[in-house]
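Below: the structure, in structure tokens.
Note that the structure is a prediction, hence the values are computed from the model and not measured. In the text below, chain A, chain B and the rest are named by the order of the sequence lines, each starting its count at 1.
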Protein chains: 2
Amino acid sequence: MDAKEILKQHIAKTATLTDEQFDYLFSHFKAQSYKKGQVVISEGDKVDNEYFVISGCLKAFFINDEIKMYILQFAMPTWWTSDYGALYNHTRATISIDCITDAEVLCLSNHDREKICNELHQAEHFFRWRTNRGYLASQKRLLSFMNNDTKARYEELLSLYPQLYNLVPKHLIAAYLGVSRETLSRLYHAHK
Amino acid sequence: MDAKEILKQHIAKTATLTDEQFDYLFSHFKAQSYKKGQVVISEGDKVDNEYFVISGCLKAFFINDEIKMYILQFAMPTWWTSDYGALYNHTRATISIDCITDAEVLCLSNHDREKICNELHQAEHFFRWRTNRGYLASQKRLLSFMNNDTKARYEELLSLYPQLYNLVPKHLIAAYLGVSRETLSRLYHAHK
DNA sequence: GTGCCTACGTGATGTATATCACATTCTGCA
DNA sequence: TGCAGAATGTGATATACATCACGTAGGCAC
């Protein structure tokens, strides 16, 4: 299945577009390939695009003053990613994004998204629901952070995304869970 | 300023509606008054409405198996609140909402929101941006949780909402920060 | 193959915070 | 006004986790 078809089916779950409308929408996306390790958005950058993942795995992360990294999102196929704070508010990036594996994405500029949302009611409908789901996921993760200990969050992550365990190095999983790599290692080996 | 005018100005910041369109939108809201301590949504309830706060302060919270409470949101005037997971997915409430002070709200049913979004492109635009902002706030709080210690999060909360300090009991602030009330008390008295 | 860099494991130690227990102060209201 | 319950302060102890230090194993360049 090619990128266009993947996006089409993804959107069809939420919004009803004619083929012509989808073709018009799709004409604003730009395909892009990245190699493992390549940087998509770097802290301080001007942010113009958001990215729809076709294949591979990216990470969106924040680096604090003590050079500690926190991972906000592992972006897998059919996920959207960007520094949305910077994108929506036209500020410089505080979040960086790079590729954990080789990856193919479709880029959509902020300007074009707003233009299309304005032109096509159903596109606006789609993007409203996409954000709804992101909001719910974010709130769920926040609750999990407050309520569960590290071990429970680790098991929750792996049961949700079993492919992550073999795909990404453990210190990145630790950075997602917000614990040190040492603690994660001990947790993993402690219980059988 | 009455409830209708407050909602009108709130929406006008994001979307352009004619007076007729706004009147039509507003006709779907239902005004409601609550007393301090009154429950709006209780865990296990069927959730049909979301709430736009006109006056007062509500809290949206989660109670875990060990009867510990975590506060997801203090809902202040011009904020929206509900158990959005239950509302969007038509499941039973896992989040409860009650009133910290006497409060006035405008209720909007999920059914009516979707109907209006379908009928009025600008309404869909408004709700997309409302959720965008909620998503960004949630992500920011998640990052703050991972990156900052309790004291920094406490100061961040009070600098963002100074009125909270006198409005809500400290054990609720602790439940928002995700620490015990004892720790919050010690933190507060430790530094000067 | 040699050497280097990255990932990963593991022990020792320090620290922030939870938890339990109890004292004190505040507040609504009968 | 006085009282009960809620809110808050504070000490003692336990614990999860960070941090530092060091060791090992695997992949890749040359």
Side-chain angles (χ1 to χ4, degrees), chain A residues 35-39 57 59 61-71 74 98-102 143-158 164-192, chain B residues 34-39 56-57 59 61-71 74 98-102 143-158 164-192:
Chain A
K35 288 284 166 198
K36 176 176 175 175
Q38 231 182 314
V39 174
C57 181
K59 69 175 193 281
F61 59 100
F62 172 79
I63 307 250
N64 75 0
D65 299 339
E66 292 96 44
I67 324 293
K68 263 180 70 169
M69 176 180 65
Y70 297 99
I71 294 182
F74 291 116
D98 65 18
C99 298
I100 297 178
T101 67
D102 290 358
L143 251 189
S144 175
F145 234 92
M146 295 201 280
N147 187 29
N148 299 132
D149 62 16
T150 303
K151 190 181 164 193
R153 291 208 314 284
Y154 171 68
E155 281 159 4
E156 185 180 50
L157 177 66
L158 289 194
L164 272 185
Y165 185 75
N166 292 314
L167 191 62
V168 317
K170 309 263 176 302
H171 72 268
L172 293 185
I173 293 184
Y176 181 91
L177 297 173
V179 293
S180 68
R181 55 168 203 86
E182 293 96 331
T183 295
L184 183 65
S185 169
R186 277 185 260 262
L187 269 178
Y188 176 66
H189 288 90
H191 69 96
K192 185 162 37 85
Chain B
Y34 291 105
K35 288 284 166 197
K36 177 176 175 173
Q38 232 182 313
V39 173
C57 181
K59 68 175 192 282
F61 59 100
F62 172 79
I63 308 252
N64 75 0
D65 298 340
E66 292 97 43
I67 325 292
K68 265 180 68 170
M69 177 180 66
Y70 297 98
I71 294 181
F74 291 115
D98 66 18
C99 298
I100 297 179
T101 68
D102 290 358
L143 250 188
S144 174
F145 234 91
M146 295 201 282
N147 188 29
N148 300 131
D149 62 16
T150 303
K151 189 180 166 193
R153 292 208 312 283
Y154 171 68
E155 281 159 5
E156 186 180 50
L157 177 66
L158 288 195
L164 271 185
Y165 185 77
N166 292 316
L167 192 61
V168 317
K170 309 264 177 298
H171 72 269
L172 293 186
I173 292 182
Y176 181 92
L177 297 174
V179 292
S180 68
R181 56 169 200 83
E182 293 94 330
T183 296
L184 183 65
S185 169
R186 277 184 261 262
L187 269 178
Y188 176 65
H189 292 276
H191 69 99
K192 179 163 48 78

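Rounded to whole Å, atom P of dA18(D) lies 9 Å from atom OH of Y70(A). Atom pair R153(A):CZ and dA16(D):P shows a separation of 14 Å (rounding to whole Å applied). A straight line from CG of L187(B) to C1' of dT10(D) spans 14 Å, rounded to a whole angstrom. Per the geometry, CZ belonging to R186(B) stands 7 Å off C1' belonging to dG11(D), to the nearest Å. As a whole-Å value, the separation of Y154(B) OH from dT8(D) P is 10 Å.
Counting only heavy atoms from C-beta outward, the side chains of L172(A) and M69(A) approach each other to under 4.5 Å.
Judged by the 6.0 Å distance and 45° axis criteria, K170(A) is positioned over the aromatic ring of Y165(A). Cation-pi geometry between K151(B) and Y188(B) is not met at under 6.0 angstrom from the ring centre and within 45 degrees of the axis.
Counting only heavy atoms from C-beta on, K68(A) has its side chain closest to dT19(D) among dT8(D), dT19(D), dG11(D).
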Considering only distance and modelled atom types, tabulate donor-acceptor pairs under 3.5 Å from the side chains of residues 175-182 of chain B, sequence neighbours left out.
unit_1  : atom_1 : unit_2  : atom_2 : d
Y176(B) : OH     : R141(B) : NE     : 3.4
S180(B) : OG     : T183(B) : N      : 3.2
S180(B) : OG     : T183(B) : OG1    : 3.0

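Boundaries of the chain A contact region on DNA chain C are dA7(C) to dA12(C), first to last in 5' to 3' order (nucleotide atom under 4.0 Å from a heavy atom).
The residue among K36(B) and S180(B) whose nearest nucleotide of DNA chain C lies closer to the 5′ end is S180(B).
With a 3.5 Å limit on both pairing distances and Watson-Crick or G-U wobble geometry required, the stems of 3 or more pairs in DNA chain C span C:1-30 with D:1-30.
In this structure, G37(B) reaches neither bases nor backbone, as no heavy-atom distance under 4.0 Å exists between it and the strands shown.
Applying the side-chain hydrogen bond (donor to acceptor under 3.5 Å, both in side chains) criterion to D102(A), with sequence neighbours excluded, gives no partner residue. Looking at residues two or more places apart in sequence or on another chain, you find no side-chain contact (heavy atoms from CB on, under 4.5 Å) involving N166(A).
OP1 or OP2 of dT8(D) sits under 4.0 Å from a side-chain N or O of H171(B).
Closest of all the heavy-atom pairs between L164(A) and I173(A) is O-CD1, 4.3 Å. Between I100(B) and K59(B), the shortest heavy-atom distance links the atoms CD1-CB, 3.8 Å. Shown here for L184(A) and Y154(A), the closest heavy-atom pair between the two residues is CD1-CD1, 3.5 Å. Contact record, L167(B) with C57(B): CD2-CB, 3.8 Å, taken as the closest heavy-atom pair.
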Please write out each protein N/O paired with an N/O of nucleotides 21-30 of chain D under 3.5 Å, distance rounded to 0.1 Å.
none

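At distances below 3.5 Å, not a single donor-acceptor pair connects side-chain atoms of Y34(B) with backbone N or O atoms of C99(B).
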